[in-house]
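Remarks on the structure that follows.
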Amino acid sequence: MPGAVIVGAQWGDEGKGKATDLLGSRVDYVVKFNGGNNAGHTVVIGDQKFALHLLPSGILTPGCTPVIGNGVVVDLRVLFEELDGLAERGVDTSDLLVSNAAHIIAPYARTLDNVTERFLGKRKIGTTGRGIGPAYADKINRLGIRVGDLFDEALLRDKIEGALVAKNHLLVKVYNRRAIGVDEVADELLAYRDRLEPHVADTSLVLNNALDEGDTVLFEGGQATMLDVDHGTYPFVTSSSATAGGACTGSGVGPTRIDSVIGIAKAYTTRVGEGPMPTELHDQWGDRLRDVGHEFGTTTGRPRRCGWYDAVITRFASRINGLTDIVLTKLDVLTGIEEIPVCVNYEVDGVRYQDLPLDQAAFAAAKPVYESFPGWTEDISGCREFSDLPQAAQDYVKAVEELSDCRISTIGVGPGRDEVIQINDLLHAR
Ligand code: IMP
C-alpha cells in the first residue's frame with residue numbers, strides 16, 4: 001500500500017486538512033514532517049471548534065497513528081496544551097509518537113524570533129513569532145536541543161549552556177534584553193519529560209516497518225512550496241523543507257517508498273506575511289475573495305493577501321514536488337464572478353517568463369499576464385461529479401489543470417467535509 005505526501009502548492013492555507021480528512025480512515029499513520037506550531041487547522045468536534053497548530057490532523061482519526069517526525073520543531077508547552085485540550089473533549093491521544101530526533105523550540109527561540117523581527121524593520125519576514133526560524137537556525141548551527149536530550153539531564157544542561165553563550169551576548173548587548181539563565185530553560189523543558197516519555201520513539205523505524213507491513217502512511221506537509229526554505233520566495237519563507245523532498249528527510253523514509261505526491265491549491269491564491277505575490281489584488285476583487293473565502297489566518301488571525309490563480313507558481317510546484325495529483329480547493333468562492341483571470345505567465349521588464357524567475361528582484365518585479373475565463377453563477381456546492389459542474393466551471397478547471405502541468409484529481413466545492421468532487425483516487429501506486 002502507498003506512501004502518500006500532501007504538500008501546499010502555493011503559499012499555505014490551501015486546505016490541506018480537507019484532503020487529509022478525505023483520506024481519513026484509509027490511512028494508518030499521519031506524519032508531520034516539517035515546521036512546528038506555525039501551521040494551523042481548525043477542527044470541529046461535536047459543536048466545538050478547536051484550532052490545532054502542532055499536532056498532525058490524524059490525531060482525530062480513530063485507528064490512525066499520528067507521528068511528529070524528526071523534521072519538526074516542537075514547542076513542548078504548545079504540544080501539551082493541545083493534548084490537554086483534546087483530552088478535555090474526550091479524544092484519546094495516547095497513540096501519538098514523537099521522534100527522539102525532533103528539535104525542541106526552546107523558550108529563547110521565541111524571544112529571538114520576536115526581537116529579530118522588530119530589529120529587521122522594513123526587512124522583516126512577517127513570521128508567526130513562534131520561534132520557528134531560531135529553532136531551525138540552532139539545528140543547522142548544531143546548537144539545537146533534541147527531544148532525546150531531555151532524558152539525559154547533564155547533557156541537556158550542557159547543551160543549553162552552549163546555546164546560550166552567544167544568545168545572551170546578542171540579547172543583552174545588541175537587543176538590550178535581559179540574559180536568560182540555564183536553569184530556567186532546563187526547568188521548563190524538564191517539566192514535560194515524564195509526560196513526553198511514553199510518546200518518544202524511533203519514528204523512522206516505526207514508519208519503515210509500517211510500510212513493510214503494507215500500511216498506508218500519509219506525510220502531511222506544513223506551510224507550502226512557495227514558503228520552502230530552498231525553493232520558496234527566499235528570504236520571505238519559513239525555515240523548513242515544506243516540499244515533497246522534506247517528507248523523506250523529515251521522517252527518515254526513502255523516496256522510493258512514496259507513491260503519490262498530492263499538491264493542494266486553492267482556485268485562487270493567498271499569502272500571509274511579507275514577500276512578493278505577483279497576483280495580489282488591492283482592489284474590491286481582493287476584498288471579495290477574502291470575504292467570501294474567509295481568508296484570515298488560523299494561527300495569527302491576520303487577513304490574508306488575496307489574488308487570482310497563479311499558474312506559474314503551481315507549474316513550479318508540480319515540478320519541484322513531482323506532483324502526481326492536485327486537489328483544487330474552494331472553487332465555490334469564485335461563483336458569481338463574471339470573468340475570472342488566471343495568471344499564465346509573468347512579464348519582467350518587457351520579457352515574458354514561462355517559469356519562475358530565479359532572482360529575487362525579478363520575481364519581486366514580475367507582473368502577471370492574465371488570460372480570462374467566463375465565470376458561472378449557479379451554486380456548485382451540491383455538485384459531486386465533474387459533469388455536474390456548469391460548463392464554465394468545467395472549462396475553468398480544465399484550463400487550470402493544463403496550465404498547472406498536473407491532473408486535478410479532487411475539487412472542493414464548499415466548506416463541508418463532503419462538499420467535494422472526486423475524479424481520481426488520491427492513494428494510488430506509482
Ligand atoms: P515562520 O514560519 O513563523 O518563520 O514565518 C515565515 C513565513 O511563513 C511568514 O510569512 C509566515 O506568515 C509564513 N507561514 C508560516 N506558517 C504558515 C502557514 O501555516 N500558512 C501560511 N503561511 C505560513
Side-chain angles (χ1 to χ4, degrees), residues 6-20 32-43 51-57 71-75 78 82 103 105-106 109-120 122-140 220-243 246 250 263-266 268-277 280 290 293-307 310 313 317 329-330 360 363-364:
I6 284 188
V7 289
Q10 296 159 325
W11 275 284
D13 311 307
E14 297 93 348
K16 293 182 283 280
K18 182 155 183 168
T20 309
K32 181 178 169 91
F33 62 79
N34 74 304
N37 53 313
N38 46 347
H41 42 263
T42 308
V43 291
L52 290 182
H53 299 286
L54 175 58
L55 289 169
S57 55
V72 174
V73 286
V74 182
D75 186 324
V78 174
E82 291 192 359
H103 281 247
I105 303 182
R110 285 193 300 266
T111 312
L112 281 168
D113 198 357
N114 290 312
V115 288
T116 312
E117 279 283 273
R118 221 169 298 140
F119 272 73
L120 276 175
K122 67 176 173 35
R123 292 187 198 84
K124 76 171 193 248
I125 308 298
T127 73
T128 57
R130 305 295 194 260
I132 307 294
Y136 278 112
D138 274 4
K139 170 176 173 172
I140 302 302
E220 194 183 54
Q223 292 77 50
T225 304
M226 300 309 288
L227 291 171
D228 181 279
V229 68
D230 285 278
H231 302 292
T233 44
Y234 193 90
F236 300 102
V237 293
T238 190
S239 302
S240 67
S241 299
T243 41
I264 317 297
K266 267 184 227 183
Y268 49 98
T269 309
T270 65
R271 174 166 202 174
V272 280
E274 308 299 319
M277 175 181 169
E280 181 174 13
R290 189 174 309 106
H294 306 292
E295 297 295 353
F296 296 89
T298 319
T299 298
T300 57
R302 290 179 286 184
R304 294 180 184 140
R305 300 156 65 190
C306 297
D310 184 341
I313 67 163
T329 58
K330 296 186 134 181
Q360 194 183 327
F363 189 69

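Index from 1, following the sequence. Atoms within each ligand, like the ligands themselves, are counted from 1 in listed order.
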Q | Contacting atoms of ligand 1, where contact means under 4.0 angstrom from a heavy atom of V272 | A | 10 (O), 12 (O), 21 (C), 22 (N)
Q | Shortest protein contact, atom 14 (N) of ligand 1 (heavy atom only) | A | L227 CD1, 3.8 Å
Q | Close-contact set for ligand 1 against R302 heavy atoms, below 4.0 Å | A | 11 (C), 12 (O)
Q | Atoms in ligand 1 with a heavy atom of N38 nearer than 4.0 Å | A | 2 (O), 15 (C), 16 (N), 17 (C), 18 (C), 19 (O)
Q | Taking atom 3 (O) of ligand 1 as the reference point, the nearest protein heavy atom with its distance | A | T128 OG1, 2.6 Å
(Q) Quick one about N34 and S241 (side-chain donor to acceptor, distance below 3.5 Å, no hydrogens or angles considered), yes or no? (A) no
**Q.** Identified side chain to side chain contact (heavy atoms under 4.5 Å, CB included) counterpart of T270 within the set Q10, K330, R304
**A.** R304
Q | Heavy-atom pair of closest approach, residues F33 and E220 | A | CE2-C, 3.6 Å
Q | Minimum-distance protein heavy atom relative to atom 9 (C) of ligand 1 | A | G126 O, 3.2 Å
Q: Output the list of atoms in ligand 1 that are nearer than 4.0 Å to some heavy atom of W11, sorted by atom number.
A: 21 (C), 22 (N)
Q. Under a 4.0 Å N-O cut-off, is there an ion pair linking R305 with E274?
A. no
Q: For the pair R130 and D113, find out whether any cationic side-chain nitrogen is under 4.0 Å from an anionic carboxylate oxygen.
A: no
Q: Please say whether T238 places an N or O atom under 3.5 Å from an N or O atom belonging to ligand 1.
A: yes
Q | Top protein contact for atom 15 (C) of ligand 1, by heavy-atom distance | A | Q223 CG, 3.7 Å
Q: For atom 5 (O) of ligand 1, find the nearest protein heavy atom and state the residue, atom name and distance (0.1 Å precision).
A: T127 CA, 3.3 Å
Q: Give the contacting part of K124 toward ligand 1: side chain, backbone, both or neither, where contact means a heavy-atom distance below 4.0 Å.
A: neither
Q) Would K124 and E117 pass as an ion pair if we require N to O under 4.0 Å? A) no
Q: Within a distance under 4.0 Å of any heavy atom of I125, pick out the atoms of ligand 1 and give their elements.
A: 10 (O)
Q: For the pair T233 and R271, evaluate side chain to side chain contact (heavy atoms under 4.5 Å, CB included) and give the outcome as yes or no after the intermediate values.
A: CA-CA 12 Å; T233 44; R271 174 166 202 174; 3.3 Å; yes
**Q.** Heavy-atom closest contact (A242 atom, G222 atom, distance)
**A.** CB-O, 3.4 Å
Q) Can you tell which part of F236 has a heavy atom less than 4.0 Å from ligand 1: side chain, backbone, both or neither? A) neither
Q | Between D228 and Q223: side-chain donor-acceptor atoms closer than 3.5 Å | A | no
Q. Looking only at heavy atoms of A39, does any of them come nearer than 4.0 Å to an atom of ligand 1?
A. yes
Q.
So for ligand 1, is D13 a polar contact partner (N or O within less than 3.5 Å, distance only)?
A. yes
(Q) Only heavy atoms of G273, strictly under 4.0 Å: list the atoms of ligand 1 that pass. (A) 10 (O), 12 (O)
(Q) With a heavy-atom distance limit of 4.0 Å, tell me whether V237 approaches ligand 1 through its side chain, its backbone, both, or neither. (A) backbone
Q. Taking 4.0 angstrom as the limit, do D13 and K266 come out as a salt bridge?
A. no
